[in-house]
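Written below as structure tokens is the structure these notes are about.
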Amino acid sequence: MTTQAAETPVAAPAAVRRSRLSLSVSLPVLWLGAAALATIFSAYLPMPDPFRQSLLRTLQSPSPTNLFGTDSLGRDVLARSILGLRVSLVVGLGSVLFGFALGGALGLVSGFFRGRVDFWISAAMTLILSFPPLVLAIAIMSYAGPSLGLVIFTLGLLFVPAFARITRANTLSLADREFVLAARAMGMRNGRILLQEILPNLVAPLIAYGMLMVAVAIIGEAALSFLGLSVPPPQPTLGGMVAAERANLLDAPWAVFGPSLFLFLTVLSLNVAGDQLQRRIDQREAAL
Amino acid sequence: MPDQTLSSVAPQSDATVLEVQDLTKTFALAGGQRLQAVAGISFQIAAGETLGLVGESGCGKTTVGRALMALPPPSSGEVILEGTPLSRLSAAELRAIRPRMQMVFQDPISSLNPKRTIADIVAAPLVVAGGLNRRQRDERVREMLDAVGLDPGTVWDRRPHELSGGQCQRVSVARALILNPRLLVCDEPVSSLDVSVQAQILNLLEDAKARFGLTMLFIAHDLAVVKNISDRVAVMYLGKICEVAPAARLYSQAAHPYTVALLASVPDPGTDFGRRFARVIEGEIPSPLDPPSGCRFRTRCPKATAQCAVEEPRLRPAGENHVVACHHPEH
Amino acid sequence: MAAKLLRQLGALAGILLAVSLVAFLLMNLAPGDPALAILGETATVESIAAMRARLGLDLPLSERYLDWLGNVLRGDLGQSFRANEPVLGAILGRFPVTLELLIGAQVVALGLALPVGIYTAYRARGLADRSALAAALALISTPPFLIGIILIYVFALQINLFPATGYVPLSEGVWRNLHTMLLPILTLGLFEFPLYMRLLRSDMIQTLQQNFISLARAIGLPPWRILLGHALRPSSFSLITVVGINMGRLIGGAVIVEVLFGLPGIGQLLVDGIYQREYLVVQGVVLFVGVFFVLINFAVDVLYVMLDPRVRIDHASR
Amino acid sequence: MTAGALLSIRGLKSYLRTPRGLVRAVDGVSVDLAAGRTLGLVGESGCGKSILARSIMGLIADAVLDKAGGQILFDGRDLRGLSEKEMRRLRGREIAMIFQDPMTSLNPVMRVGDQIGQVLRLHFGSSKAEAQRRAVELLASVGIPSPERRARSFPHELSGGMRQRVMIAIALACDPKLLIADEPTTALDVTVQAQILRLLREQREKRGMALILITHNLGVVAGVADEVAVMYAGRIVEHGQTADLLRAPRMPYTAALMQSAPRLADPPHTRLQAIQGRPPMLIDPPAGCRFAPRCTRAAEICRREPAETTEASGERRWTCWRPLEVGHA
């Protein structure tokens, strides 16, 4: 052929910015990593027993032995906060994974095949969305009795419509892109188009969204445990600790604000990291 | 449509690669309305021929291209590829015949999967077709990239966003040609490119056609581009074909008032200094939801009569290899 | 247009029916015996059987649903055992408190979000924008009960400006009522504000990049007229939708806030119902809230159609 | 420079601050335009022609724009020295602009009559009724049928061609001295394009305003412009009377641009002269002539030193070390 394109590809742009980790990414990641490690290895940490009550040492202010002070039953607030954070993390991750798997699959199917499948899946999602989420969670938890598995299932169920909606919207717009038509034109089967052409384009936005949803799930769990509808005692939960000690707010603010701080920092870290990830994906999409 | 007319739409000699019979495509809109984007068109393309399909936006030309590729299939009518009527094929048979007709799309960026490398994209049709091992595939991909004027070594592991629009369009052409198709459907392949790059791609398509013995359907809105690349040109207006003629003849002896108006509207940098736009036609394309009765062009046609409102003109001969659908053709 | 409305009303009826079914099934499919729950562990076999019969639990599920639905349509949600009053009466008696909380919170949230959202979009990436975004992120990361506790700690315990708990009804004076309601409303409003602000800001930034904004600048309009006259309305469509949808989020938040501040709203009723195993109360509240929420969303849809001429025309022409 | 030019741009530099660096979008442009004349500004995408237009209007945000130098003299005033408030009095009143995409250039939630009316109310302080009456007149004058009814329409109820007419009506509302049309017909069909170009031409003649028509299509320029400036990589590389320039381009880029576009007059399968490569990145443009890397005539000096501008009789200018001989094309 006579035409040789004299063009040479440009080097990948903006590679400079990506390599440098900013504070707004590294700090949240650091906190989340530390939180994960602390909750996994809490048994080996040099801390007082989180379950040991001591009526002589109630509502002690923070000291070297009890960094966050003690609660109204004389238990170490820091040790209990770490255990409570474990519940938060497990529920956050577990429910989002559940919602992600179910909602993502439903959204993919309904966006790709459209028609009747889409209609029924959308109807089911509308039904879940017809209740205020927290009220639905409260109702399910109250009828079925609190347990870790049920909290994860309930919150996960509430995430299904959100994940289904975002996956469906992305799938719909991708399915109209010409590269999917090209794949059909070469005789590619639907399953392969879904897995090879569409799915890889969905992963990044869904992960960013998932991180933000973990934050939402942790807040949801905290709200449920504040009402006493999450994991039952004696297992400490951050929301439960706040609820139990709020009567002593004036005398022992640490017993309330200690677990609150854990909750806040964890959720904030997830939000910041998720936002950053989303921004990066948006930038990359815009560059396409 | 009478058989005599059909045969006159076809070129005289050579085997027919593609035959389209009375193709329609209707879309159901939200709210129960139906939009007939293509309202019964027929044409044939002979082996080695390039047929240009030209028309303004909303005339249904893109729908024609996709319908004959069964993306998705037409609402009615028949598409016959080398003697095989596509509507009679099962899904599996259709997949098997697809490699014989391939398509190049308008948007160079959107037609390539952003997550895959150029080598993967070009190799994908081979993977789907099966039968070659990794080494043989790589070898074919290298050949094809070379053939479309890309340096395999440089672009191999790149992703689409790292290439320019022109380069992406070359990749699309390579992907379309790697299975040695008989028919290549090009849907506005150069309309989103700058003039200088557009020339590169048009030249590439001409070269590819010669080298691989392709038959082409070239869909575009730019009359000068279509004339440059086509042997014959079909003009579409509001879902119907109004004129088909050899490229040179259409541009010198257009018979349909719409073709005449279209040609008169194209500004030419060589001759049109201080032109007064004397032959501009008024109005815009009516909504395909509610097309005019009779001849669809009559609402904008300077020659329209009462007959045009009641009787739909059929394609009839207007010279050698030339048909026109008009009650009052120019000649 | 009429046919369209009819179809929408049909869909609404379908959703309401489904909502009632979910509310019914939640209770009836749940593990555990409601009769046992009501009577407690000390109940005898006979009294449980009597209670089951009284509750209609011995009938088939479909029959029970239809019976129940018929009662619901007549306004009978059952009787609360402990308080010995009709469930619907209990709900309606407490609903004004919740409604005041919800409306107040929306007013606070929008009152903050509109100016902040517009200004930060106009001066995107400036210092004010960055501070507002950081504050929004911090608020989004704070559970509603924590916002409330911080407000209580500062305004009730430290400077004694407002009461920490308690409720004075509107009938005893607007100011006395507001005095007790301000912290709860502020809590819920602050919980909602960052969501609205970020949404308005990002929609507004997108609108400001549109060509018609360039045109507005090209004809010489000053910035504030472009912002309020041209950019705000097309930027507020998703905000309006979200304000509606978020009534749900707010009702959830209201449960927490009512418990925290000791307000006698339906959230408190729900939680008390759960603690006291008054499953008819719980079911009634869930149904009521679901229906209320569905109706709000329906109203928002209708409002949306009236506000956006593009949608309005589409609807009219179809 | 022409005495009495309405617009006189002198060595204008408009650089854009981007995350990837400073883009020299307009890099030393000088051009004059007399009252009542039409200048066609031609170039491929990314050559800086739209940035030039927006620089004249002062429409680029200060955060992005680096006013690296030069003057924009309009009616004797340097627009670069005016405050934003002074610019606002000028915009829409003395200089008006229309944009490429008629589908998104009108406010979707505002009736078109109000969109025209607001210009009149802003600059002339017209009453609401007066503005409405004038809006209908303007709609009629740009060839919109049943203007009273159309004034009450929303933009999405109009076709692309009709919307572009509305944009023109807005631009003409205050009888500006200069109208800048940035690719006004690119998004339109060819028959509608001809209608819009004819309308622009008629209105310019009727009102005696100057017109800058920005386009990538040499044919459009040929039909409408009195004179043509060809832009490449942030600079004007050739300028002259339309017929002179298009009949006998001197700068190789102009010639290449003309030869790469297929023409209706040529027979089918005419081999096109494609320009190899693509325009340079304007963050780090080549040292010499910016077209040199793609130019078939380029010599050593072209790659080393920026070309000088040669002025010839008949207001003809080109910026090239090795211009084509007259009669080459």
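So that the names make sense, note that chain A is the first sequence line, chain B the second, and so on, each numbered from 1. Just so it is clear, the structure is predicted and the values come from calculations on it, not from any experiment.
With a threshold of 4.5 angstrom between heavy atoms, E206(B) approaches chain D through side-chain atoms but not through N, CA, C or O. Using a 4.5 Å cut-off between heavy atoms, L202(B) touches chain D through its side chain atoms alone. At a 4.5 Å heavy-atom cutoff, the contact between S57(B) and chain D is made by backbone and side-chain atoms alike. Looking at V190(D), both its backbone and its side chain come within 4.5 Å of chain B, counting heavy atoms on both sides.
The greatest number of non-hydrogen atom pairs below 4.5 Å with chain D, out of S252(B), A247(B), S230(B), is found for S230(B). Your options are V226(B), V225(B), I201(B), and the one with the most heavy-atom pairs under 4.5 Å with chain D is V225(B). Interface summary for chain B: among T38(D), L257(D), T270(D), L272(D), the most heavy-atom pairs under 4.5 angstrom belong to L272(D). Among E282(B), H221(B), E284(B), the residue making the largest number of heavy-atom pairs under 4.5 Å with chain D is E284(B). Among the candidates A265(D), G160(D), S159(D), A261(D), the residue making the largest number of heavy-atom pairs closer than 4.5 Å to chain B is S159(D).
In this structure, D182(D) and I98(D) have side chains that are not in contact, with every pair of non-hydrogen atoms separated by 4.5 Å or more. Side chains of Y258(B) and E56(B) form a contact here, defined as non-hydrogen atoms less than 4.5 Å apart.
Without hydrogens or angle criteria, N228(B) side chain to P268(D) main chain gives no donor-acceptor distance under 3.5 Å. Not one N or O on the side chain of Q203(D) forms a donor-acceptor pair closer than 3.5 Å with the backbone of V142(D).
Partners of F218(B) by ring pair (Phe, Tyr, Trp, His ring centres under 6.0 Å), not counting sequence neighbours: none found.
Using cut-offs of 30° and 60° on the angle between ring planes, the pair Y253(D) and Y232(D) is tilted.
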D222(B) and K227(B): CA distance, side-chain angles, deciding distance, salt bridge (charged side-chain N to carboxylate O under 4.0 Å, His left out) verdict | CA-CA 9 Å; D222(B) 186 322; K227(B) 180 182 183 184; over 6 Å; no
